[in-house]
Amino acid sequence: MSTEETPSVPSATNFIRDLIDADNVSGRFDGRVHTRFPPEPNGYLHIGHAKSICLNFGLAIKYGGQCNLRFDDTNPAKEDVEYVDSIQEDVRWLGFKWDNLFYASDYFETIYQYAEALIEKGLAYVDSCSTEEIRQLRGSLTQPGKPGPYRDRSIAENLDLFRRMRAGEFPDGTHVLRAKIDLAHTNMNMRDPLLYRIRHAEHHRTGNKWCIYPLYDFTHGYSDSLERITHSICTLEFENHRPLYDWLIEELDLYHPQQIEFARLNLTHMMMSKRKLLELVETKSVSGWDDPRMPTIAGIRRRGYTPEAMRAFCEEIGVTKFNGLTEIVVLENAVRADLNKTSNRVMAVINPIKVVIENYPDDLVEEMDAINNPEDPSAGSRLVPFSKTLYIEKDDFMETPHKQFFRMSPGREVRLRWGYLVTCQSVVKDPATGEVIELRCTYDPLTKGGNAPDGRKVKSTIHWVSAAHAVTAEVRLYDHLFSIANVADIPDGEDWKNYLNPKSLVVVPEAKLERSLGTAQPGYRCQFERLGYFCVDKDSTPEKLVFNRTVTLKDDWAKIQKKQA
RNA sequence: UACCCGAUAGUGUAACGGUAGCACAACAGAUUUUGGUUCUGUUUGUCCAGGUUCGAAUCCUGGUCGGGUAACCA
């Protein structure tokens with residue numbers, strides 16, 4: 001296992017590592033650790049997959065083992081190369097490099113031979129019942145199933161029919177291959193599970209070579225076995241499949257990996273169902289798989305999240321068998337922690353109100369020195385133009401301030417960051433609406449840079465942009481996709497799309513940015529001081545800049561306001 | 001009504017028979033040219049009932065609650 005960005009070795013322990021440690025002590029796998037990440041290429045990867053990727057690749061790094069990327073491509077109807085490509089891009093972006101790239105379809109011939117071997121041992125048979133008949137005979141959760149009329153066909157007949165299935169003699173749905181186990185088994189997965197179905201469909205890799213395709217259970221364990229995987233890690237819903245996984249491998253006396261199940265990731269205000277994410281894309285509820293509101297890796301990448309933050313998050317949430325619900329703030333904190341250290345600060349006014357410094361010379365422009373990142377002295381500083389007419393944030397002014405509001409208000413002195421101490425003297429209102437449309441201020445010429453020689457303090461520092469030098473940009477403010485915390489709480493039968501957050505995207509068409517942002521390129525990340533972390537979207541052009549809000553800064557003032565409301 | 005799995009602060013996780021910790025959240029304070037960052041402190045927890053043991057979050061039994069399972073999906 002090697003990586004381009006060399007993710008750090010995971011430090012947190014978990015029950016899977018305990019199991020691996022035990023296997024290493026007993027020598028069960030000769031001290032080898034070989035995992036795999038096995039996505040089906042039928043959609044884009046999401047944050048839940050990121051957890052699995054970090055787990056599987058992380059274990060390989062931790063134990064000096066290997067991790068494969070394997071596409072579980074046994075259902076040609078749903079799969080596509082678009083997804084194969086995006087999955088590889090996403091795994092690479094997360095910082096991991098697979099030791100081997102495999103496809104389950106690589107094993108189709110071998111798996112077919114395994115099927116014949118099972119038939120020859122009397123452990124599989126061709127069933128010619130309809131889907132409905134099979135379903136009826138399988139029984140229910142509380143009722144045992146019953147053998148069907150084709151269950152006791154001879155080995156020779158089964159072999160003949162199966163070979164003719166492969167040869168394409170039968171239409172879809174006429175026959176299936178089933179394991180012969182126990183129709184009355186308490187585990188539904190053991191009630192003669194289906195192994196092969198007929199599908200006259202073109203496969204994205206094998207083309208028209210096959211018209212029968214193995215099902216998941218029949219494919220997955222054998223793929224693990226062929227790759228000599230040691231620990232086959234999957235999510236909880238496959239727990240009931242483990243007896244079948246073991247049975248299929250044991251009956252053919254093959255190399256036997258250990259399947260281990262862990263709880264998938266659930267996040268508040270998020271939804272991880274691939275099927276529903278596809279529905280969001282198809283109904284144009286979002287702009288695409290990489291809409292920055294989507295929980296897809298492509299989406300969060302476009303949103304401005306970093307691979308480092310994602311890995312730190314996956315490390316932090318841990319790995320257990322408890323099906324919990326992680327608060328989305330944990331994710332948001334992970335990206336804040338990373339961006340705080342690495343992002344340059346800039347000033348941007350999203351909701352501008354004009355400020356005129358009455359005693360500032362009309363034509364003077366001063367270049368103010370502004371520190372780029374207080375967390376990183378090596379980031380240096382830049383020059384920001386200051387002039388008579390500025391923009392500040394509307395929210396940073398109150399005509400009649402609340403007692404806990406200590407930003408600009410009439411008569412109160414505040415600091416313009418890296419600029420001067422200024423005092424609001426009067427306001428200009430729209431005569432029609434009464435709305436404050438302009439603030440008239442004075443500045444203290446002795447406070448250039450923001451410090452008063454007499455040592456007097458101000459309670460607030462606010463950001464600003466020189467009107468004449470401002471760069472206009474579109475800013476997209478993103479919020480949670482769902483207004484409901486736990487999407488699992490949405491009642492069955494109710495349209496889950498009713499719970500989408502109508503304010504998950506707010507477009508600000510004309511935000512005012514400081515001059516230095518004029519040349520920012522797509523992918524560039526920075527902090528808009530006091531507002532949040534932003535990045536330049538792929539839609540951005542030199543003529544029309546577009547920024548995405550990755551995440552807001554923590555905001556105690558907003559908390560105070562919320563309490564008062 | 002069957003089988004499988006799970007349960008530790010509000011949330012997520014550690015403790016592997018020997019002092020219940022950590023992170024996030026919340027609250028209070030300090031620092032601060034970002035109401036950011038950083039730092040300090042506080043509140044809050046072993047699902048219930050029995051049993052084994054000198055000693056149980058941990059082992060056993062029974063219950064309660066939650067999740068999963070009846071695609072020719074994965």
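All chains are named by letter (A, B, ...) in the order of the sequence lines, taking the proteins before the strands, and each is independently numbered beginning at 1.
The glycosidic torsion of A20(B) lies more than 90° away from 0, which places this base in the anti conformation.
Distance noted for atom P between A56(B) and C16(B): 15 Å (whole Å). Look at the P atom in both U13(B) and C54(B): the space between them is 35 Å, to the nearest Å. For the C1' atoms, the distance from C60(B) to U19(B) is 26 Å, rounded to whole Å. Nucleotides G55(B) and G17(B), compared at atom C1', are 8 Å apart to the nearest Å. Only the P atoms considered, C39(B) is 16 Å distant from U31(B), to the nearest whole Å. Spacing between U58(B) and A49(B) at atom P, rounded to whole Å, works out to 13 Å. Comparing the same atom, C1', in A15(B) and in G21(B) gives a spacing of 7 Å after rounding to whole Å. Nucleotides A57(B) and C48(B) are separated by 11 Å at their P atoms, to the nearest Å.
Side-chain contact annotation: Glu237(A) with Thr235(A), donor-acceptor N/O pair under 3.5 Å present. Checked by atom type, the side-chain pair Glu332(A)/His480(A) shows a donor-acceptor distance below 3.5 Å. Counted by atom type alone, Glu82(A) and Tyr44(A) present one or more donor-acceptor pairs between their side chains at under 3.5 Å. Checking Gln527(A) against Glu529(A) by side-chain atom types alone, no donor-acceptor pair falls below 3.5 Å. For the residue pair His220(A) / Gln259(A), no side-chain donor-acceptor distance below 3.5 Å is found, with atom types taken as modelled.
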Between the protein and nucleotides 27-32 of chain B, are there any N/O to N/O pairs under 3.5 Å, and if so, what are the atom names and distances?
unit_1 : atom_1 : unit_2    : atom_2 : d
C27(B) : OP1    : Lys563(A) : NZ     : 2.8

Taking N or O atoms only and anything under 3.5 Å, show me the protein contacts with nucleotides 1-3 of chain B, one pair per line.
unit_1 : atom_1 : unit_2    : atom_2 : d
A2(B)  : N3     : Leu141(A) : O      : 3.1

Polar atom pairs (N or O), protein with nucleotides 63-65 of chain B, under 3.5 Å:
none

Is there any protein nitrogen or oxygen under 3.5 Å from a nitrogen or oxygen in nucleotides 14-18 of chain B, and what are the pairs?
unit_1 : atom_1 : unit_2   : atom_2 : d
C16(B) : N4     : Asp18(A) : OD1    : 3.4
C16(B) : N4     : Asp18(A) : OD2    : 2.6

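For Thr342(A), the side-chain contact (heavy atoms from CB on, under 4.5 Å) partners are Asp338(A), Leu339(A), not counting sequence neighbours. Residues that satisfy the side-chain contact (heavy atoms from CB on, under 4.5 Å) test with Asp454(A), not counting sequence neighbours, are Ala452(A), Arg456(A). For the ring pair (Phe, Tyr, Trp, His ring centres under 6.0 Å) test, residues two or more places apart in sequence or in another chain that qualify with Tyr196(A) are Phe162(A), Phe218(A). A search for side chain to side chain donor-acceptor pair (under 3.5 Å) contacts involving His241(A) returns Asp217(A), not counting sequence neighbours. Residues forming a salt bridge (charged side-chain N to carboxylate O under 4.0 Å, His left out) with Lys448(A) (at least two apart in sequence, or on another chain): Glu366(A). Residues satisfying the salt bridge (charged side-chain N to carboxylate O under 4.0 Å, His left out) test with Arg407(A), not counting sequence neighbours, are Asp396(A).
Put simply, Tyr216(A) does not rest on the base of A74(B): the two rings are not both less than 5.5 Å apart at their centres and under 30° in tilt.
Taking the ring axis of Tyr103(A) as reference, the NZ or CZ atom of Arg205(A) stays within 45° of it and closer than 6.0 Å to the ring centre.
Stems are defined here as 3 or more consecutive Watson-Crick or G-U wobble pairs with pairing distances under 3.5 Å; those involving RNA chain B are B:2-7 with B:64-69, B:10-13 with B:21-24, B:26-30 with B:38-42, B:47-51 with B:59-63.
Ion pairing of Glu227(A) with Arg36(A) is absent here, as no side-chain N (NZ or NE/NH1/NH2) approaches a carboxylate O to less than 4.0 Å.
Among the protein residues, Ile371(A) comes within range of no part of the nucleic acid, since none of its heavy atoms lies under 4.0 Å from any strand. As judged by a 4.0 angstrom heavy-atom cut-off over every strand, Glu327(A) is placed among the base-contacting residues. Cys234(A) comes within contact range of no nucleotide atom at all, as no heavy-atom separation falls under 4.0 Å. Using a 4.0 Å heavy-atom distance criterion, His241(A) is classed as a base contact.
The side chain of Asp556(A) sits closest to G35(B) out of C4(B), G35(B), A74(B). Nearest nucleotide to the Val329(A) side chain, out of C24(B), G12(B), C73(B): C24(B). Candidate nucleotides C73(B), G12(B), U34(B) were compared by shortest atom distance to the side chain of Leu553(A), and U34(B) ranks first. Among the nucleotides G35(B), A25(B), C72(B), the one closest to the side chain of Ile134(A) is C72(B). If you check C5(B), A25(B), G12(B) against the side chain of Lys321(A), the one that comes closest is C5(B). Distances were taken from every side-chain heavy atom of Glu239(A) (C-beta onward) to each of A74(B), G36(B), C5(B); the shortest belongs to C5(B). Side-chain proximity of Phe322(A) to U13(B), C24(B), A71(B): nearest is U13(B). Among G35(B), A25(B), C73(B), the nucleotide with an atom closest to any side-chain atom of Lys554(A) is A25(B).
Within 6.0 Å of atom CZ in Arg264(A), 12 or fewer heavy atoms from other residues, nucleotides or ligands are found, so the atom counts as exposed in its surroundings.
Residue Ile260(A) contributes atom CD1, which lies 17 Å from atom C1' of G6(B) at whole-angstrom precision. At whole-Å resolution of the value, CG in Asn323(A) and C1' in U13(B) are 15 Å apart.
Side-chain contact between Thr35(A) and Ile229(A) is absent, with no heavy atoms from C-beta onward closer than 4.5 Å.
One finds a side-chain N or O of Arg138(A) lying less than 4.0 angstrom from the OP1 or OP2 phosphate oxygen of A71(B). Proximity of Asn42(A) to the phosphate of C73(B): no side-chain N or O atom is located under 4.0 Å from OP1 or OP2. Contact between the side-chain N/O atoms of Arg197(A) and the OP1/OP2 oxygens of A74(B) is found at a separation under 4.0 Å. The side chain of Arg191(A) places no N or O atom within less than 4.0 Å of a non-bridging phosphate oxygen (OP1 or OP2) of A71(B). Between Arg415(A) and G35(B), a side-chain N or O to OP1/OP2 separation shorter than 4.0 Å is absent.
One can find a donor-acceptor pair under 3.5 Å joining the base of G36(B) and the side-chain atoms of Glu375(A). Arg407(A) contributes a side-chain N or O that forms a donor-acceptor pair with the base of G35(B) under 3.5 Å.
The backbone N or O of Gly145(A) lies less than 3.5 Å from no partner atom in the side chain of Arg138(A), so there is not a single donor-acceptor pair. Counting only distance, with no hydrogens or angles, the side chain of Glu413(A) and the backbone of Asp444(A) share no donor-acceptor pair below 3.5 Å.
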Side-chain polar contacts of residues 317-328 of chain A - donor-acceptor pairs under 3.5 angstrom, sequence neighbours left out - could you list them?
unit_1    : atom_1 : unit_2    : atom_2 : d
Thr320(A) : OG1    : Phe322(A) : N      : 3.1
Lys321(A) : NZ     : Glu239(A) : OE2    : 2.6
Asn323(A) : OD1    : Asn266(A) : ND2    : 3.0

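Applying the side chain to side chain donor-acceptor pair (under 3.5 Å) test between Glu393(A) and each of Arg530(A), Lys512(A), His463(A) identifies His463(A) as the sole match.
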